[in-house]
Amino acid sequence: MTDKTDTPSATDYRATLNLPDTPFPMRGDLPKREPGWVKQWDEEGTYKQLRDARCGAPLFVLHDGPPYANGQLHMGHAVNKILKDMIVKARQLAGFDAQYVPGWDCHGLPIENAIEKKFGRNLSRDEMQAKSRAYAAEQIEQQRVDFKRLGVLGTWDDPYKTMNFANEAGEIRAFKRVIERGFVYRGQKPVYWCFDCGSSLAEFEIEYADKKSSTVDVAFQAADKAEVQRRFNVAEQLALTHELPWLQKDIFVVIWTTTAWTIPANQALNLNPELDYSLVEIDGQDRVLLVASALVEQCLERWGLQGTVRATAKGKALDHLQFRHPLADVHPGYDRLSPVYLADYATADDGTGIVHSAPAYGLDDFNSCVSHGVKVQDILNPVQGNGVYAADFPLFGGQHIWKAVPQIIEALKNAGRLLATKEISHSYPHCWRHKTPVIYRAAAQWFVRMDEGEGVFTKDKAPKTLRQLALDAIEHTSFYPENGKARLHDMIANRPDWCISRQRSWGVPIPFFLHKVSGELHPRTMEILDQAADIVEKGGIEAWSRVTAEEILGAADAPDYAKSTDILEVWFDSGSTFFHVLRGTHQGTAEHPGYHHQGPEADLYLEGHDQHRGWFHSSLLLACALYGRAPYRGLLTHGFTVDSQGRKMSKSLGNGIDPQEITKKLGAEIIRLWVAASDYSGDIAGDDKILARVVDAYRRIRNTLRFLLANVSDFDAVKDAVPFDELLEVDRYALARASQFQAEILAHYDRYEFHPVVAKLQVYCSEDLGAFYLDVLKDRLYTSAPKSHARRSAQTALWHITQAMLRWMAPFLSFTAEEAWRTFGGQKTIFTETYWSLPIADEGLIAKWDRVHAVRDAVNKSIEAVRAEGGVGSSLQANVKVGVPADDHAILASLGDDLKFVFITSAALLEAADELRIEVTPSTATKCERCWHWRDDVGADPAHPTICGRCVSNLYGEGERRTVA
């Protein structure tokens, strides 16, 4: 206490207040301060501190879906990495050993394209691989700097890269194991093919966009008119109708297609066995047309013709009828027959009910033809990898298929085989890299089999098909949000076999040797795979490229075998990372996170929802092929970044927000808070206005944090803390509410939910703290004696709340939490801490004070009404009389004289009433210069004529006694 001889002057009472003080600034100045924290985390080895702090703790593994090592980070990257960082940090604070090993996807076509643009298309394989590796390393370094700038903690000095030699070798070993399990085979069948890539594509690499196409209705003449009539049982029908003339007319089956370029490669026609088909005599023409009965009227209208149905038959009666190619009379190269094959995929939904079959360019067509005895080597495949018909192909050789369409239509028209053509816009598969249309094209490729069948070199056949294993695994996986389960299930249930080979240079090799005559694999293939993996582990894929057949097979076998130049497609790269990253290249210890006796397993995979058909998909298939189960326990998906109008952010629209620019302007913390505050289960909207609101929210949280830090700046918990049962009641309530709030927060974190945390934290700061507890507390904090029980009680509660709040916000406001933590006295990073242990929430105490809070709100509203009319200035000038029913009376009466401190009035009178009644009158007392309360005892001590009795006691006497507030 201050001695009376040291009494300050009458104008210096402000100096006697315990005004809050803290070096934690009001302004975050984030763009300038954040880089310092990134640097400090590097220099202090913060990530290693996290690992050391959790040595031996339960494991949590979030396996990083590798972004592609090409191009500058966009906001989608930022959202993804920040979500991962928030989850890992939340688990770290929950006491888990939550490691985060970031990775990069390094092989594949985009990098090859970048190299070709810079150096041309004539590079040797060795040059392409060397330049691609250097380019990927350069891109990784650029992206790594940007990721770290976002506050993401991880093994940035030792990330995984799919182009690491050990990972490339691990992928070959995984491939060998998939072969052993019986899932790999070689097949010549249609796969998605991109002319720009010059390679096959997987389902994962396809997206749909509108394309303009020319539809054609094309007539195929019957090779044996009498046989067609016999199949339609014409003789029996003639006996009833006696209509004879139409029998002399030629019969044509009509097909409708949107891919006119496939007509030259037609080899069959497909009809549905259960549909009815009709022979329609065309008025004024010497021909009869065969179409599905249900479509006769629609077809005639489209062709601008009139006609009469003469006979009807089921499709199954027409099996193996023969029709001539529509260009048979134009060029002898087309003088061939197209047989009818029965197939369920021919429907009467549109067209004519008959599907023209070019088996090289359609999977259904291919399967139908092969199942009906067409040999693979007899399938016509004139379209080359660049989209051009072979030079010797009749009529259209050397032409690109898209440009040839008008000439094909003209040739059909001149041959009298074109009934109609029309331009339409329809949804069509495109390459997701080049955004150009793709086709199905038959090619010899390596596949992973989804259903029953024999693989090559099988020695440990899986107990179920890959489709069955994957569908079973989905049932044992948790999905966030839950609708992801149905989406992935449907994709697996309906997908074709997985084409895993590519005809490029920059990728993990398929280290096969094929016999030059038979096409069979070398009998030592499995041994060669081991040898290849060892070579790649020492020198990378480049080392395998330099190996000759003689070095591997020996001089006797080498002349008979060709070394495959195919590579594994990039989804095999990223899809197999669990095999060598979780278990191998970053294992650290035998108890590496994710290691499982049945193979490695992560707790969570987290990516954009498009990865149901990408990384989630390929990882699931490979893990099921290898181990019979998923490589993850949970799948979390987030939406795309869009503008406030819901449009996907893009450079062409100019509606994107650049993470680098936002970081420089507002700070990475604002991006982090925006991500955390957004419901990532849908698309994530962002623009300058939205970010401005995020900045406001940040300021409110920071200001609350600053108040807490300032008011515990002279508090030493070891010496000054008040035992919980000796705290003032409102302080015990504040801790009980904090405990209740923490339980809510941690429940959200357990479900990987952040936007409810941010929303509730803002309400907690503004309502629970700012509008109530801290408001009530200010008088006690500022006017009580510095070391008094009343003040230390309040500081004890604030200290616990600060401990808890810093941890609540640390996963998303990482820079701010770290800065505040060091100000608060933390010696090491806050991320080595665990969530604060608060007293168990007293539900009765919370219920009581929630009611006090409600009455106080009503009192404030009444005071504000009087203040607006000029009746009082601040609430401290008001005297209130509150009438309340019995239950509330008992609650408020228990606060005693401290009720006025809760209401922040100079006097509060309580009385019984049937319902809530509030009377506000201005105080007639004198305002204390120090505490600003209006009291009758101001000047009671002549030595201090301008302050009240309680201030005199707090400054020079025993100090006032507080019991509740």
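- The backbone N or O of A847 sits nowhere less than 3.5 Å from a side-chain atom of R851 that would complete a donor-acceptor pair.
- Under a cutoff of 6.0 Å and an axis angle of 45°, K760 and F741 do not form a cation-pi pair.
- Here E864 does not pair with K861 in a salt bridge; the nearest charged N to carboxylate O distance is not below 4.0 Å.
- Between the side chains of Y733 and D842, not a single donor N or O lies within less than 3.5 Å of an accepting N or O.
- Relative orientation of the H800 and W836 rings is tilted, given thresholds of 30° and 60° on the angle between their planes.
- The backbone N or O of V61 sits less than 3.5 Å from a side-chain atom of D603, completing a donor-acceptor pair.
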Check your understanding: Stepwise, does the salt bridge (Lys or Arg N to Asp or Glu O under 4.0 Å) test hold for K81 with D85?
Key -> CA-CA 6 Å; K81 272 294 192 286; D85 185 58; over 6 Å; no
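- Using modelled atom types and a 3.5 Å distance limit, the side chains of W821 and E833 yield no donor-acceptor pair.
- Of all the heavy atoms in P786 and N18, the pair that sits closest is CG-OD1, 3.3 Å.
- Remark: the backbone N or O of L781 is paired with a side-chain donor or acceptor of R791 at under 3.5 angstrom.
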message: Determine whether R930 and T16 satisfy the following criterion, side chain to side chain donor-acceptor pair (under 3.5 Å), listing intermediate values before the conclusion.
response: CA-CA 8 Å; R930 180 173 182 270; T16 69; 2.7 Å; yes
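- Between F616 and Y632, the ring planes are perpendicular. Angles over 60° get that label, and only those under 30° would be called parallel.
- R91 and Q99 are not linked by any side-chain donor-acceptor pair at a separation below 3.5 angstrom, with hydrogens and angles left out of the test.
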Run the salt bridge (Lys or Arg N to Asp or Glu O under 4.0 Å) check on D696 and R693 step by step: do they pass? CA-CA 5 Å; D696 289 340; R693 292 197 292 270; over 6 Å; no
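- With hydrogens and angles disregarded, no donor-acceptor distance shorter than 3.5 Å links the side chain of R917 to the backbone of G883.
- Nearest heavy-atom pair across L705 and L806 is CD1-CD2, 3.6 Å.
- Checked against the 6.0 Å centroid threshold, Y698 and W674 do not count as a close aromatic pair.
- No donor-acceptor pair closer than 3.5 Å links the side chain of R700 to the backbone N or O of S766.
- At least one donor-acceptor pair closer than 3.5 Å links the side chain of T796 to the backbone N or O of R792.
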*asked:* Before you tell me yes or no, could you show the steps for R962 and D779 under salt bridge (Lys or Arg N to Asp or Glu O under 4.0 Å), namely the whole-Å CA-CA distance, both residues' side-chain angles and the distance that decides it to 0.1 Å?
replied: CA-CA 11 Å; R962 296 282 188 101; D779 179 83; 2.4 Å; yes
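- Not a single donor-acceptor pair under 3.5 Å links the side chain of W934 to the backbone N or O of T905.
- Taking the six-membered ring for Trp and thresholds of 30 and 60 degrees, F772 and H853 have nearly parallel ring planes, at less than 30 degrees apart.
- Between the side chain of R672 and the backbone N or O of F812 there is at least one donor-acceptor pair closer than 3.5 Å.
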- Can you list the steps and then say if D64 with Y100 is a side chain to side chain donor-acceptor pair (under 3.5 Å)? CA-CA 8 Å; D64 190 29; Y100 179 60; 3.1 Å; yes
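- Not a single donor-acceptor pair under 3.5 Å links the side chain of E767 to the backbone N or O of C765.
- V730 and A965 get closest at one heavy-atom pair: CG1-CA, 3.7 Å.
- When each of F60, F754, F96 is paired with Y749, the ring pair (Phe, Tyr, Trp, His ring centres under 6.0 Å) condition holds for F754 and for no other.
- When atom types are taken as modelled, the side chain of Q877 and the backbone of G873 share a donor-acceptor pair closer than 3.5 angstrom.
- Residues H933 and K900 have side chains that never bring a donor and an acceptor to within less than 3.5 angstrom of each other.
- Seen from the ring of F901, R780 does not count as a face-on cation partner, given the 6.0 Å and 45° thresholds.
- Tested against E669, the residues E34, R33, R702 include a single side-chain contact (heavy atoms from CB on, under 4.5 Å) partner, E34.
- Classification of K89 and E818 as a salt-bridged pair fails, no side-chain N sitting under 4.0 Å from a carboxylate O.
- Shown here for S894 and V964, the closest heavy-atom pair between the two residues is O-CG2, 3.9 Å.
- Residues E726 and S793 bring no donor and acceptor atom of their side chains to less than 3.5 Å of each other.
- With respect to K828 and D52, no salt bridge is recorded, no charged nitrogen being found less than 4.0 Å from a carboxylate O.
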In sequence, state the C-alpha distance, the side-chain angles, and the governing distance for Y773 and V776, and then conclude on side chain to side chain contact (heavy atoms under 4.5 Å, CB included). CA-CA 5 Å; Y773 181 59; V776 169; 5.5 Å; no
Could you walk me through whether E960 and R935 satisfy the salt bridge (Lys or Arg N to Asp or Glu O under 4.0 Å) test, starting with their C-alpha distance in whole Å, then the side-chain angles of each, then the deciding distance to 0.1 Å, before giving a yes or no?
CA-CA 14 Å; E960 67 175 325; R935 293 172 56 99; over 6 Å; no
